[in-house]
Amino acid sequence: MIVGEQKPITEIIEIIAPYKQLLILGCGTCVKTCFAGGEDEVATLASMIRLAFKKDSKEIKIAEQTVERQCENEFIQEAAQNIAKNDAILSLACGAGVQAIAKRFPKVPVLPGINTTFIGIQEQHGIFTEECQGCGNCGLATFGAICPITRCSKKLLNGPCGGSQNGKCEVNANIECAWQLIIDRLTQLGQLSNLRTYIPPKNWRTSISGGPRKLIREDHII
Amino acid sequence: MTNISNLQKILKEGKFAVTGECGPPRGANTQIINKKANLLKGYVDAVNVTDNQTAIVRMSSIAASAHLIKAGCEPVMQMVVRDRNRISLQSDILGAWSLGIKNILCLSGDHQTFGSQPDALNVFDIDSMHLLRTVKNMRDEGKDMSGFNLDDPPRMFIGAAANPFADPFEYRVIRLAKKIDAGADFIQTQCIYNMDRFTKWIKLAHEEGLTEKVYILAGVTPLKSSGMAKYMKNKVAGMDVPESVIKRMEGVPKEKGAEEGIKICLETIAKLRETKGVHGIHIMAIEWEEKVAEIVQKAGLTPRPLS
């Protein structure tokens, strides 16, 4: 999923300051799962903003709505009426959701209420870890399904570097060395020979380095 | 200009090599480089020039290497893949060769979060293994990474780092073999304080036939104090300072610390000279270049090179 984290309330108050009628628009898929932008977070944030404005004797009207996904048109349209009635939208979706709304409502300011952090998983309840960079050219088959591009601090394809000690990364003792994990797993799978050969430089053209990406599925274009 | 570096010549002749290190200044002051060059000249066969080590901005390793050449020292230019993409790395290799730099040490580089500008974007377009192969292909095939035939390709003597003290231990020898395959002619190791572990590592490397394929320069760093020993153990990535070494440094009065540190260093060098598969030493006297001459002399490694 896309993992996100709500922005600090002070920053949110600052960016919504010019508006009198605000729609807080939640997103019911990824950011709901990571407790950043679902119905519950929309309601809590709305109360916090109302309180903060009241304390400063300022007025603001807040509407609340959460759609299933802000990155899909059919769900976005469910919010169209509400969007039209407000001065601005505070979207609690990931960066894709914020931009999807903005593309469809050219005259309405759309503001981000969360910071999109990464593509990851919920490792334990409340603990999320980054697992994928969306490089567009998956090499997990070689690395025992552990991504060195994402999980090695130096993106090494022929690691580990000299800073790996006791399974930890030199950057921070809280970071597991991806290469220790890769070697352990390939050893267990009997595939350590994957690493004896030189793994050539990555072709980054399929990543963001190649410019903004677009995927066209001719078979699905109506 | 001969293509063969002094370091390569000495190693090829089977002589025990000695290299030193020069960290470029945090500024454009070339006098510091000249001062360090004068301290090292005649006592080492080549001098490593670090590339923004610990991710702190310093004079570039290319420029500092060029200044060293002028001052009469042969540089080993370090190059890390942290700050430059493949286009920039190759371009700088061409530039370095054009300035008479004949040795290169290919490294990943300390992560930028260790440095003074942790907000920086890192690059890591290619890794140190790729950089080794790139320099080798430039030299042996005369081609850049795109396959383009270079006009006067650089023909460098290629070095890589190895850390016998990093984990997983068993994999360290496999990685050494990969580095040799990728293009390493010589290896410089992390500073050795844990002689047992180093001996185990080089024995494995020797059994794999790797010490016949590559020159291994064993790294040593003289300790200045027990505080430094503890700092190295706890704060420096990839370092292994056994408790016995710390105890020994703690066991002498403060004013004798430096003397004891040099004594330990000399004992290590003596053991390394007896170790099968070690072709030389790399002395990293961190901001203590004035001690290199003393160490090399007391170790009986002068005049350079030993005949």
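Keep in mind the model is a prediction, meaning the values are calculated, not measured. Every chain is numbered from 1, with letters handed out A, B, ... down the list of sequences.
Residue-environment remark: NZ (K200(B)) stays at or below the threshold of 12 foreign heavy atoms within 6.0 Å. Atom CD1 of I9(A) is surrounded by more than 12 heavy atoms from other residues, nucleotides or ligands within 6.0 Å. No more than 12 heavy atoms of other residues, nucleotides or ligands lie within 6.0 Å of CD in E5(A), so this atom counts as exposed by the packing criterion. Residue R213(A) places its CZ atom among more than 12 non-hydrogen atoms of other residues, nucleotides or ligands, all under 6.0 Å distant. Around CD of E176(A), the count of heavy atoms belonging to other residues, nucleotides or ligands within 6.0 Å does not exceed 12. The number of heavy atoms from other shown groups lying within 6.0 Å of CD (E11(A)) is above 12. Residue K168(A) places its NZ atom among more than 12 non-hydrogen atoms of other residues, nucleotides or ligands, all under 6.0 Å distant. For K32(A), the NZ atom counts as loosely surrounded, since its 6.0 Å shell holds 12 or fewer non-hydrogen atoms of other residues, nucleotides or ligands.
Of the listed residues (M129(B), Q190(B), K179(B)), the one with the most heavy-atom contacts under 4.5 Å to chain A is M129(B). Counting heavy-atom pairs under 4.5 Å between each of G159(A), C161(A), P160(A) and chain B puts P160(A) at the top. Across E170(B), M145(B), R172(B), R86(B), the residue that shares the most heavy-atom pairs under 4.5 angstrom with chain A is R172(B). Highest contact tally toward chain A, considering only S128(B), P164(B), A182(B), G109(B), is held by G109(B) [criterion: heavy-atom pairs under 4.5 Å]. Put simply, of L192(A), N172(A), L195(A), D184(A), the one with the most heavy-atom pairs under 4.5 Å next to chain B is L195(A). Among T134(B), D125(B), V236(B), the residue with the largest count of heavy-atom pairs under 4.5 Å with chain A is D125(B).
For a residue to count as touching a neighbouring chain, one of its non-hydrogen atoms must lie under 4.5 Å from one of that chain's; by this rule V123(B) touches chain A with the backbone only. With a 4.5 Å cut-off on non-hydrogen atoms, R82(B) does not touch chain A at all. Contact annotation for L156(A): both backbone and side-chain heavy atoms come within less than 4.5 Å of a heavy atom of chain B. Contact annotation for N166(A): both backbone and side-chain heavy atoms come within less than 4.5 Å of a heavy atom of chain B.
Residues D110(B) and K154(A) share a closest heavy-atom pair of CA-NZ, 4.4 Å. The two atoms that bring N163(B) and G162(A) nearest to each other are ND2-O, 2.8 Å, heavy atoms only. Considering all non-hydrogen atoms of both residues, K178(B) and T197(A) come closest at NZ-O, 3.3 Å. Contact record, M239(B) with Q165(A): O-NE2, 3.2 Å, taken as the closest heavy-atom pair. Across all non-hydrogen atoms, the minimal contact from H130(B) to I199(A) is NE2-O, 2.7 Å. For V171(A) against T113(B), the heavy-atom pair with the smallest separation is CG1-OG1, 3.7 Å.
No side-chain heavy atom of W204(A) sits under 4.5 Å from any side-chain heavy atom of N85(B). Side chains of Q112(B) and S153(A) form no contact here, defined as non-hydrogen atoms less than 4.5 Å apart. Contact annotation: the side chain of N122(B) approaches that of K155(A) to within less than 4.5 Å [non-hydrogen atoms, C-beta and beyond]. Side-chain contact between Q180(A) and D167(B) is present, with at least one heavy-atom pair separated by less than 4.5 Å.
In this structure a side-chain-to-backbone donor-acceptor pair under 3.5 Å is missing from R196(A) to I174(B).
Proximity to chain B among residues 100-131 of chain A is not found for any residue, judged by heavy-atom separations below 4.5 angstrom.
In this structure, the separation between CG on L131(B) and CG on N158(A) is 12.0 Å, given to the nearest 0.5 Å.
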